[in-house]
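I have placed the structure first, in the form of structure tokens, so that the comments after it can refer back to it.
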Amino acid sequence: MPRLLRRGSKRNAIDEETRAHVAGAASAAAAEVTGPPAAQPDRTGAAFFDVDNTMMMGASLFWFARGLAARKYFSTRDMAGFVWQQAKFRIAGNEGSPDDVHAIRESALAFVADRPVAEIVQASEEIYDELMADRIWSGTRLLAQKHLDAGQRVWLVTATPVELASIIAHRLGLTGALGTVAEVKDGKYTGRLVGELMHGEAKAEAVRALAEREGLDLSRCTAYSDSSNDLPMLTLTGRAIAVNPDTELRAVARSRGWEIRDFRTGRKAAKTVVPTVAAAALSGGLVGGALALRRRKLS
């Protein structure tokens with residue numbers, strides 16, 4: 001995996017165990033692409049896909065947390081607090097207060113603290129089958145396959161943990177994934193992140209690093225996302241496509257002449273920015289706890 005940190009940051013230096021763990025996750029994500037092989041592999045062109053509401057309906061981290069809750073890793077009340085924190089991050093992005101961003105960053109993976117990596121990876125495989133596989137947008141999956149059929153490589157770029165992102169990429173037959181990196185000590189998660197959440201500008205930095213490592217020409221690459229939070233990544237590549245876009249991204253896409261693909265059926269495309277984490281919370285029956293938590297915070 002590319003280094004996700006800014007140079008010179010001793011505080012966020014990746015220790016050797018975490019580095020080896022992330023490299024292992026990346027290797028596990030490498031999958032043989034199905035279908036007819038491209039006659040001429042395209043080594044300088046590639047595609048980068050956001051996951052939440054772009055490749056998958058709803059938020060992958062929410063479904064991951066919900067699967068862990070079903071396995072008694074934490075309580076429903078803890079789940080409600082997690083949902084609210086992640087919803088705030090989704091809304092505020094990098095514009096939230098320093099205290100809020102710090103709290104969200106520190107709590108993002110707290111629920112796996114002291115758990116063996118192998119245990120969480122195994123649970124992630126099961127949770128994908130149980131809660132995620134049926135939520136992959138078939139239209140987006142076909143877009144990714146077109147790149148594969150053209151001989152290009154395809155990566156997921158997401159705020160979800162790199163281990164889970166790699167499992168999703170592997171199951172979809174994609175090249176690999178860039179995701180949030182969790183610190184590992186003695187084969188267990190510490191509950192802390194290495195660097196920042198893979199969000200906003202961090203996605204663009206990770207894609208730049210990957211392009212340099214793999215010899216990609218970003219002007220020949222394509223980026224896909226549903227969210228205006230991903231504009232740094234979308235504007236980095238030669239081609240940008242808005243998939244199931246939020247209101248702000250739809251407006252930007254129209255103004256810049258970007259292609260828009262909306263695979264949401266049976267309902268109107270969202271006219272307001274609805275955080276996918278919060279939307280998933282509503283469908284999961286956790287709204288009562290989340291609203292109660294919000295009232296306590298606002299009182």
Side-chain angles (χ1 to χ4, degrees), residues 1-2 25-58 60 124-125 128-129 132-158 160 162-179 198 203-204 206-227 230-231 233-245 249 253 256-265 269:
M1 297 295 298
S27 296
E32 292 296 328
V33 177
T34 58
Q40 194 71 34
D42 185 344
R43 291 301 178 188
T44 61
F48 305 99
F49 285 80
D50 171 51
V51 173
D52 297 349
N53 209 38
T54 302
M55 183 62 75
M56 176 185 295
M57 303 176 195
S60 53
S124 299
E125 294 273 6
Y128 178 84
D129 292 335
M132 300 181 183
D134 291 341
R135 291 183 166 88
I136 299 297
W137 292 106
S138 60
T140 310
R141 178 67 188 87
L142 288 174
L143 291 175
Q145 189 61 49
K146 287 181 179 179
H147 287 280
L148 295 172
D149 291 344
Q152 294 187 346
R153 288 168 287 175
V154 178
W155 280 273
L156 299 180
V157 187
T158 175
T160 207
V162 66
E163 296 83 6
L164 179 59
S166 296
I167 288 169
I168 297 170
H170 184 205
R171 296 299 187 88
L172 297 178
L174 309 182
T175 308
L178 306 177
M198 184 69 76
K203 286 189 176 183
V207 168
R208 284 191 198 97
L210 178 66
E212 182 177 355
R213 189 190 79 195
E214 298 292 333
L216 300 174
D217 178 355
L218 287 173
S219 69
R220 298 192 61 250
C221 294
T222 308
Y224 298 80
S225 179
D226 73 297
S227 174
D230 286 339
L231 282 171
M233 180 177 74
L234 291 168
T235 55
L236 184 65
T237 56
R239 185 185 181 202
I241 297 179
V243 178
N244 307 325
L249 180 58
R256 299 190 181 194
W258 292 349
E259 185 177 345
I260 298 174
R261 296 292 189 96
D262 202 322
F263 302 118
R264 294 168 290 190
T265 57

message: So which atom in R208 and which in L236 form the shortest heavy-atom distance, rounded to 0.1 Å?
response: NE-CD1, 3.5 Å
message: Within the 4.5 Å heavy-atom criterion, are W137 and N53 side-chain neighbours or not?
response: yes
message: Run the side-chain contact (heavy atoms from CB on, under 4.5 Å) test on W155 and E214 for me, step by step, so that the C-alpha distance in whole Å, both residues' side-chain angles and the decisive distance to 0.1 Å come before the verdict.
response: CA-CA 12 Å; W155 280 273; E214 298 292 333; 4.2 Å; yes
- prompt: Rounded to the nearest 0.5 Å, how far does CG of L156 lie from OG1 of T54?
  reply: 10.0 Å
- prompt: Hey, are H147 and Y224 close enough side-chain-wise for a donor-acceptor pair under 3.5 Å?
  reply: yes
task: Please name the pair of heavy atoms, one in T44 and one in G215, separated by the smallest distance, quoted to 0.1 Å.
output: CG2-O, 3.7 Å
- request: For A177 and V162, work out which heavy atoms get closest and say how close.
  value: O-CG2, 4.1 Å
query: If you measure from NE2 on H170 to CD1 on I168, what distance do you get to the nearest 0.5 Å?
result: 13.0 Å
query: How far does CG of D134 sit from CE of M56, to the nearest 0.5 angstrom?
result: 10.5 Å
- line: Rounded to the nearest 0.5 angstrom, the CG-CD1 distance for L249 and I260 is 7.5 Å
query: Within the side chain of R153, is there an N or O that forms a donor-acceptor pair under 3.5 Å with the backbone of R43?
result: yes
query: Rounded to the nearest 0.5 Å, how far apart are CZ of R256 and CG of L231?
result: 6.5 Å
message: Quick check against the 3.5 Å criterion: does R141 have a side-chain atom that pairs as donor or acceptor with the backbone of L172?
response: yes
- request: Look up atom CE in M233 and atom OG in S227, then write down how far apart they are to the nearest 0.5 Å.
  value: 9.5 Å
Step-by-step side-chain contact (heavy atoms from CB on, under 4.5 Å) determination, L234 to W258: CA-CA 10 Å; L234 291 168; W258 292 349; 4.0 Å; yes
- prompt: So, does D226 use its side chain to make a donor-acceptor pair with the main chain of V243 at under 3.5 Å?
  reply: no
Minimum heavy-atom distance between V154 and A144, given as atom pair plus value: CG2-O, 3.8 Å
query: Are the side chain of T222 and the backbone of R239 linked by a donor-acceptor contact shorter than 3.5 Å?
result: no
statement: I167 and S124 have their tightest heavy-atom pair at CD1-CB, 3.4 Å
task: For the residue pair F48 and D230, establish whether any side-chain heavy-atom pair is separated by less than 4.5 Å.
output: no
- request: Compare all side-chain heavy atoms of T160 with those of V51 and state whether any distance is below 4.5 angstrom.
  value: no
- prompt: Are any of the side-chain heavy atoms of L218 and V207 separated by less than 4.5 Å?
  reply: yes
- prompt: Taking the side chain as C-beta and beyond, is there a heavy-atom pair between L164 and M132 under 4.5 Å?
  reply: yes
query: Are any non-hydrogen side-chain atoms of I136 and R171 less than 4.5 angstrom apart?
result: no
Taking every non-hydrogen atom, the tightest pair across T158 and A165: CG2-CB, 3.5 Å
- request: Would you mind reporting whether N244 and M57 have side-chain heavy atoms less than 4.5 Å apart?
  value: no
